[in-house]
Amino acid sequence: MKTVILYSTVDGQTLAICQRIGQFLAENGEQVNIINLDDAKAEQLVAADKVVIGASIRYGKHRPELYTFAKQHQALLDTKLNSFFTVNVVARKPLKNTPATNPYMQKFLTLSTWTPNLLGVFAGKIDYPRYRFFDKVMIRFIMWMTRGPTDTNGTFEFTDWNKVDDFAKQISVQKR
């Protein structure tokens with residue numbers, strides 16, 4: 001099986017999750033190619049048996065390029081085994097960490113013309129020391145409002161890597 005994993009990330013956590021999924025799939029005999037969504041070409045999708053797309057949230061939104069890509073390539077995506085996951089810090093909360101309960105996944109499904117076969121939701125990471133001043137202030141304010149970590153000297157990873165591994169297993173066994 002040939003699998004293309006596409007990612008849209010702001011700070012890199014989505015790429016890290018894609019790499020973890022890709023490693024699992026490769027260890028289970030799949031040929032994996034991980035590509036930035038901005039650099040993806042239709043030919044790469046045509047050659048794939050499976051397409052996985054992962055996208056992060058910043059300030060309550062997926063990047064517009066995600067929706068453009070999904071719309072432009074929907075017919076092709078629909079011919080492949082496909083999956084989509086979103087990465088956001090809201091998913092750190094137990095009642096918002098599934099496709100059915102995560103507001104950003106629900107928003108994606110409402111706004112996108114594409115309906116993926118398999119859905120995943122993963123909590124992201126806050127890395128205050130890496131943020132520019134504006135982002136640091138805004139994210140700290142959002143975390144204060146949502147009772148999250150506000151220590152701007154800290155890095156807080158919420159990703160449940162076992163959940164990522166379980167999602168990779170689901171991708172691995174996808175069949176038409």
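Just so it is clear, the structure is predicted and the values come from calculations on it, not from any experiment.
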Identified side chain to side chain contact (heavy atoms under 4.5 Å, CB included) partner of Phe85 from the options Pro116, Cys18, Pro99: Cys18

Under the 4.5 Å side-chain heavy-atom rule for ILVMFWY, direct or indirect, which residues accompany Val137? Phe133

State, yes or no, whether a side-chain contact exists between Asp49 and Leu81 at a heavy-atom distance under 4.5 Å. no

Side-chain heavy-atom pair Thr86, Phe122 within 4.5 angstrom cut-off: no

Give me each pair satisfying side-chain hydrogen bond (donor to acceptor under 3.5 Å, both in side chains) with a member in residues 11-27, each pair once, sequence neighbours excluded. Asp11-Arg58, Gln13-Glu157, Gln13-Thr159, Arg20-Asp165, Gln23-Glu27

Once ring-ring contact (aromatic ring centres under 6.0 Å, His included) is applied, what residue pairs with a partner in residues 10-61 remain, sequence neighbours excluded? none

Closer than 3.5 angstrom, by distance alone: can the side chain of Ser172 be matched with the main-chain N or O of Ala168 as a donor-acceptor pair? no

With Ser56 via side chain to side chain donor-acceptor pair (under 3.5 Å) - residues at least two apart: none

ILVMFWY clustering at 4.5 Å (side-chain atoms), partners of Tyr104: Ile57, Val90

Taking salt bridge (Lys or Arg N to Asp or Glu O under 4.0 Å) as the cut-off, I'd like each qualifying pair that reaches into residues 90-105, sequence neighbours left out, listed once. none

Show the atom names and distances, to 0.1 Å, of all donor-acceptor pairs under 3.5 Å that link a side chain in residues 31-42 to residues at least two apart or in another chain.
from, atom 1, to, atom 2, distance (Å)
Asn36, OD1, Asp38, N, 2.9
Asp38, OD2, Arg63, NH2, 3.0
Lys41, NZ, Asp39, O, 3.4

Verify, without hydrogens or angle tests, whether Lys163 (side chain) and Ala123 (backbone) share a donor-acceptor contact under 3.5 angstrom. no

Listed partners of Asn97 passing side chain to side chain donor-acceptor pair (under 3.5 Å), at least two apart: none

Partners of Phe156 by ring-ring contact (aromatic ring centres under 6.0 Å, His included), sequence neighbours excluded? none

So which residues get pulled into Met145's cluster when ILVMFWY side chains under 4.5 Å apart are joined, directly or through others? Phe141, Trp144

His62: ring-ring contact (aromatic ring centres under 6.0 Å, His included) partners, not counting sequence neighbours: Phe84, Phe108

Among residues two or more places apart or on two chains, list those pairs meeting side-chain hydrogen bond (donor to acceptor under 3.5 Å, both in side chains) that have a residue in residues 120-133. Asp127-Thr155, Arg132-Asp135

Quick check: do Ile53 and Phe69 have side-chain heavy atoms less than 4.5 Å from each other? yes

Is the side chain of Gln74 donor-acceptor paired with the backbone N or O of Thr113 at a distance under 3.5 Å, no angle test? yes

